[in-house]
Amino acid sequence: MQQGMLADCSILLLAGGEGRRMGGRDKGLVEWHGKPLIAWAYQITRPLTDDLLISCNRNHQRYEAFADHLVVDEGCDFAGPLAGIRAGLAVASHPFLMILPCDAPLIDAALLRQLYLTAQESPKAPVMARRGTQWEPLFSIVPTELVGAIEAAWRNGERSHRRILLELGARAVDLEINDPRLANLNSPALLSAQLPAAGT
């Protein structure tokens, strides 16, 4: 394993949505400061894992350059983030699966290591970022051994990743309420307003 990698951790970048706030455009491929959003996530996550997954339901050829494996929702009906997470859990090669959105280009390695270290402290519990009282389920880590419990919740009609992780005893990584690293640039207005972080 290369120095700096997160041992035993796969990473899933979620890019499988309809992009409704982007007028139906594929969010991960929308450009921000000269690069598609997926490229910003890639440059942070690529050095940290040897199992980088992308959940996408279209434009597969364009996403292939940014992942070791692509996963597609069962049924491919844009069923929400949990559908992509299920697909990622089914193929992840490590005991932990880190989950990140494709439209948060200000994430940094320090944040991801903080999530990972918290997961290492309680390896059977999920981990979620939290700002004040607001849980952030798309910045999380799931032990892959929980795949059965997540699948059972899905089959029973649950579609909220946040509710499932809380029911499974999620641990919090508490961050400042205005932590810019968690900014989701999921609309044209947000893309236009947000400047890159220092050093990017």
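Everything numeric here is computed off the predicted structure, so don't read it as measured data.
The local environment of CD in Glu121 is crowded, with over 12 non-hydrogen atoms from other residues, nucleotides or ligands closer than 6.0 Å. Heavy-atom neighbours of Ile177 CD1 from other residues, nucleotides or ligands within 6.0 Å: at or below the threshold of 12.
For the pair Pro143 and Phe96, the tightest heavy-atom approach, listed with the atom from each and the gap, is CA-CD2, 4.2 Å. In terms of heavy atoms, Asp73 sits closest to Gly80 at OD2-O, 4.4 Å. The nearest pair of heavy atoms linking Leu175 to Ala129 is CD1-CB, 4.0 Å. The two atoms that bring Tyr42 and Ala65 nearest to each other are CE1-O, 4.2 Å, heavy atoms only. The two residues Asp179 and Arg131 come nearest to each other via the heavy atoms O-NH1, 3.4 Å.
Trp32 places no side-chain N or O within donor-acceptor distance of the main-chain N or O of Trp40, the cut-off being under 3.5 Å. In this structure, Asn57 contributes its side chain and Val72 its backbone to no donor-acceptor pair below 3.5 Å. At least one donor-acceptor pair under 3.5 Å links the side chain of Arg46 to the backbone N or O of Thr49. Side chain of Asp103 to main chain of Lys27: no donor-acceptor pair is present (N/O by atom type, distance under 3.5 Å, no hydrogens or angles). When atom types are taken as modelled, the side chain of Thr144 and the backbone of His94 share a donor-acceptor pair closer than 3.5 angstrom. Put simply, the side chain of Arg159 gets close to the backbone of Trp154: a donor and an acceptor are under 3.5 Å apart. Using modelled atom types, no side-chain atom of Glu176 and backbone atom of Asn178 make a donor-acceptor pair closer than 3.5 Å.
Between the side chains of Arg171 and Thr118, no donor-acceptor pair is found at a separation under 3.5 Å.
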### Message
For Leu166 and Met128: C-alpha separation, side-chain torsions, deciding distance, then whether side chain to side chain contact (heavy atoms under 4.5 Å, CB included) applies.
### Response
CA-CA 9 Å; Leu166 289 175; Met128 266 196 288; 3.7 Å; yes
### Message
Test side chain to side chain contact (heavy atoms under 4.5 Å, CB included) on Val142 and His161; report intermediate values, then the result.
### Response
CA-CA 11 Å; Val142 178; His161 178 45; 4.0 Å; yes
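Checked options Leu12, Ile44, Leu111, Leu112; the residue passing with Leu100 is Leu112 (criterion: side chain to side chain contact (heavy atoms under 4.5 Å, CB included)).
Taking 4.0 Å as the cut-off between side-chain N and carboxylate O, Arg163 and Glu167 do not count as a salt-bridged pair.
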